Amino acid sequence: MEGGVARNSVPPNSFDKSKVLDVKPLRSLLPVFPEAPNGPPFVCAPPNGPFPTGFSPFFPFSGPQGSPLTPGLNQNLFNSTAMPIRSFRAEPPPASNGENVQSSNKRKSVGPSSVKKKVKRSNDSELALAALTNFKPGISAAEKDDGNRELVENVLMRFEALRRKLSQMEDAKESHSDIFKRANLKAGNIMFTKGVRTNGKKRIGAVPGVEIGDIFLFRMELILIGLHSQSMAGIDFMPMKADIEGERVAISIVSSGGYEDNAEDPDVLVYTGQGGNASADKEASDQKLVRGNIALERSLHRANEVRVIRGFKDATHQTSKVYVYDGLYKVQESWMEKGKTGCNMFKYKLVRLPGQTGAFSTWKSIRKWKEDPSSRDGLILPDLTSGAESIPVSLVNEVNDEKGPAYFTYVSTVKYPKSFKLVQPSYGCNCRDACQAGNSNCSCIQKNGGDFPYITTGILACRMPMIFECGSSCPCFRNCKNRVLQTGFKVHFEVFKTRDKGWGLRSWDPIRAGTFICEYAGEVIEKIKEKADGDDGENNDYVFNTNRVYESFKWNHETESAEERSDTSEKFDIPSPLIISSKNSGNIARFMNHSCSPNVFWQPIMYEHNNEAFLHIAFFAKKHIPPMTELTYDYGIPRSDETESNNMEHGKKKCLCGSPKCRGYFY
DNA sequence: GTGAAATCAAATCG
DNA sequence: CCGATTTGATTTCA
């Protein structure tokens with residue numbers, strides 16, 4: 001449907017320009033550029049052939065510094081309209097590493113209120129925080145101005161890693177030390193002072209590396225990647241000539257329920273101007289034609305593209321919001337009307353430019369499907385688990401007539417044959433109703449190296465060699481935060497027929513980075529069966545094998561010191577190799593396809609049951625995943641000394657992941 | 001350059 | 001679990 005038109009751009013002349021009053025057309029309205037997912041297929045073999053034993057030397061966060069990570073993706077196309085902002089935020093001088101910590105603290109203590117508060121604080125917290133700022137930015141000056149997909153993802157992933165780490169530290173501090181509060185703001189601040197950001201110059205139109213439908217959890221993320229650089233305000237703008245207030249155009253807006261917008265139509269947004277709100281010491285008042293309001297008025301006349309970000313309450317985390325980038329709009333008309341307070345409010349009608357992929361419209365469809373599952377086109381089964389999980393899993397085929405995948409038994413967890421009991425009995429903790437982060441007496445936390453593995457909302461804080469959840473001999477309740485895998489997934493999944501990769505898995509809900517997806521369920525087997533003649537490598541299908549070689553990647557926040565031992569920091573430590581077959585019985589994990597640039601990764605988790613500890617394989621979201629995006633993980637490569645690969649060429653399949661980093665094949 | 005005002009946050013409290 | 005309140009950071013503007 002959408003094929004042919006680059007997603008983030010809009011064909012010229014597709015919009016009625018009759019309303020343009022007094023300006024020559026903006027050059028930013030013109031370019032149509034090739035976009036990553038639709039670009040030429042990149043097929044490349046790994047540099048050294050199949051990986052040798054051990055992990056391949058692939059460190060996205062510490063690659064060659066200063067060189068553009070992906071050349072040629074959208075860069076420079078927007079230079080014509082993008083302009084540097086003099087002091088969007090002061091960066092520290094490129095000082096030698098290690099001194100940045102001090103300088104950032106110094107910078108902060110200039111503030112009026114922070115000095116006295118900080119005096120009493122223990123040095124541990126200060127030191128812990130300082131340690132977190134001790135890392136290499138790895139982003140060049142040019143990359144700070146103009147980004148690309150890889151940079152945007154890199155910045156977001158590092159922000160999240162830092163935020164989770166701070167959050168974990170905050171959870172563990174029962175004291176009133178405010179040093180770790182507001183992890184997102186603190187993480188953002190550290191990112192800025194270290195210069196880890198991209199698309200820092202304001203621009204009209206698409207932001208390189210940001211795709212329509214991308215989701216965000218904090219306003220800070222929008223700033224870090226240059227989508228909307230106001231921390232709270234809903235209207236971002238940019239000077240056109242000299243910086244005269246009347247000459248500014250709006251470049252992006254956030255609509256998230258703060259005002260009486262009309263935001264139901266997926267193609268039309270009636271946005272309320274800013275100001276006029278009642279506050280503690282102020283009555284509601286008429287809005288004035290200043291700031292963002294005058295910028296939107298200007299954008300109406302200039303007819304420039306305005307990015308629209310729509311925010312909603314997150315269904316799974318009621319307290320927080322999800323922001324969706326909904327693409328480019330234009331201001332079509334403006335008027336003034338009385339709001340509920342009886343005061344005058346500016347209203348701006350924004351219309352979505354045609355030819356863009358759906359984003360908010362997808363959310364609307366899903367809302368409908370949830371109310372009435374049968375309204376889902378191509379629905380085969382409302383719940384393929386037949387109630388085995390607490391959330392149903394839809395089975396859908398919108399592609400052809402196939403009525404479902406080959407028969408298998410749905411099981412929600414992994415089954416060990418008697419002979420496979422892994423470790424000696426282990427003992428649980430003594431925590432009353434729920435284990436508390438920061439309780440150093442909790443033996444389960446001790447097993448996890450002293451850190452609580454999940455942050456409050458049940459999100460994985462860091463990848464670990466092994467994670468130990470509470471087990472059946474722990475007296476804590478089932479809602480203890482250290483029981484995530486064992487309580488099952490909380491996301492509404494859909495098993496769907498893909499166009500060219502068989503069946504796949506995706507979600508109706510937005511998934512934030514670190515969210516538990518599911519475990520790999522099935523039967524633990526000793527060996528992968530020898531291939532029989534006439535078998536076309538089917539034995540390798542529906543198998544998870546920890547003994548394959550998995551490309552390493554960095555997900556945790558890495559400080560300098562950790563970088564030195566980076567070889568081991570995110571490596572798994574499994575007592576003995578584990579092979580799980582989901583051919584006859586399994587769960588949704590068996591439908592997850594391979595990708596060379598996956599959005600999901602696996603993590604070993606152990607907990608005890610009937611006095612014996614069992615190893616489980618859990619999948620977690622690598623980054624924020626918008627609804628209806630296929631979930632994929634890296635299948636890894638069989639070791640050359642394994643039975644599995646006796647016939648390597650046999651099990652080799654052409655990879656269709658479409659990633660620029662595609663290895664070309666998978667097993 | 002400084003400080004205060006404004007801002008479609010986010011966390012906490014009751 | 002919800003609304004109200006508090007806490008708070010950043011940018012803009014006088």
Side-chain angles (χ1 to χ4, degrees), chain A residues 85-91 104 107-108 110-114 117 163 166-167 170-171 173 176-193 197 200 202 216-224 227-239 243-246 248 250-263 269-282 284-285 287-288 290-296 306-324 326 339-340 345-348 350 455-457 512:
Chain A
I85 293 307
R86 343 139 272 201
S87 62
F88 174 53
R89 194 176 317 215
E91 310 277 359
S104 75
R107 214 173 64 89
K108 296 206 69 164
V110 170
S113 63
S114 56
K117 273 196 220 161
R163 189 194 67 79
L166 286 160
S167 218
E170 179 188 342
D171 291 347
K173 284 272 179 260
H176 6 278
S177 162
D178 58 349
I179 195 164
F180 297 120
K181 280 191 177 164
R182 317 249 1 207
N184 62 328
L185 297 177
K186 199 132 290 174
N189 186 285
I190 293 172
M191 298 283 280
F192 281 125
T193 29
R197 59 179 310 183
K202 295 199 181 191
F216 308 91
L217 276 300
F218 296 96
R219 290 286 296 266
M220 190 56 82
E221 294 176 304
L222 306 182
I223 308 176
L224 282 167
L227 190 59
H228 183 87
S229 46
Q230 298 287 333
S231 60
M232 293 179 100
I235 307 167
D236 194 15
F237 46 80
M238 177 177 129
D243 189 358
I244 304 161
E245 184 169 29
R248 292 175 185 157
I251 55 175
S252 59
I253 58 169
V254 177
S255 168
S256 56
Y259 290 80
E260 303 159 35
D261 296 345
N262 185 344
L269 172 63
V270 178
Y271 191 77
T272 308
Q274 61 190 186
N277 285 319
S279 66
D281 46 344
K282 214 178 60 180
S285 59
Q287 291 187 340
K288 298 194 201 71
V290 295
R291 292 165 171 257
N293 300 346
I294 203 169
L296 275 171
V306 178
R307 298 185 292 272
V308 168
I309 298 112
R310 297 180 185 245
F312 318 93
K313 275 234 168 76
D314 184 350
T316 47
H317 302 88
Q318 268 316 17
T319 163
S320 58
K321 275 178 176 163
V322 188
Y323 299 96
V324 184
D326 197 36
K340 276 183 187 152
M345 312 281 242
F346 288 103
K347 294 283 176 176
Y348 299 92
L350 289 106
I455 53 180
T456 40
T457 42
R512 57 162 70 190

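Below, chain A is the first sequence line, B the second, and so on; all start at residue 1. Keep in mind it's a predicted model, so treat the numbers as computed, not measured.
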When you measure from the side-chain N and O atoms of Y323(A) to the phosphate of dA9(B), is any distance below 4.0 Å, counting only OP1 and OP2?
yes
Check whether any side-chain heavy atom of R182(A) sits under 4.5 Å from a side-chain heavy atom of L166(A), and report yes or no.
no
Nearest-Å distance, CG (D171(A)) to C1' (dT12(B))?
14 Å
Does K313(A) or D236(A) map to a spot on DNA chain C nearer the 5' end, using the closest nucleotide for each?
K313(A)
Is N277(A) side chain donor-acceptor paired with the dC8(B) base, going by distance under 3.5 Å alone?
no
Just call it for G275(A): base, sugar-phosphate, or nothing, with non-hydrogen atoms closer than 4.0 Å on any strand.
sugar-phosphate
Nucleotide paired to dG8(C) in any strand shown, Watson-Crick or G-U, under 3.5 Å
none
Residue mapping more 5' on DNA chain C - nearest nucleotide basis, E245(A) or Q318(A):
Q318(A)
Any side-chain N or O of Q274(A) below 4.0 angstrom from OP1/OP2 of dA6(B)?
no
Do R291(A) side-chain and dT7(B) base share a donor-acceptor contact under 3.5 Å?
no
Contact class for N184(A) vs. all strands (heavy atom < 4.0 Å): base, sugar-phosphate, or nothing?
sugar-phosphate
Distance check: side-chain N/O of R248(A) vs OP1/OP2 of dC13(C), anything under 4.0 Å?
yes
Here the distance between atom C1' of dC8(B) and atom CZ of F218(A), to the nearest Å, is 17 Å
Below 4.0 Å: OP1/OP2 of dA9(B) and any side-chain N or O of K321(A)
yes
Select base, sugar-phosphate, or nothing to describe what F312(A) touches, counting heavy atoms under 4.0 Å on all strands.
nothing
Are the ring of F237(A) and the base ring of dT12(C) both nearer than 5.5 Å at their centres and tilted by less than 30°?
no
Nucleotide opposite dC13(B) in a Watson-Crick or G-U pair, distances under 3.5 Å
dG3(C)
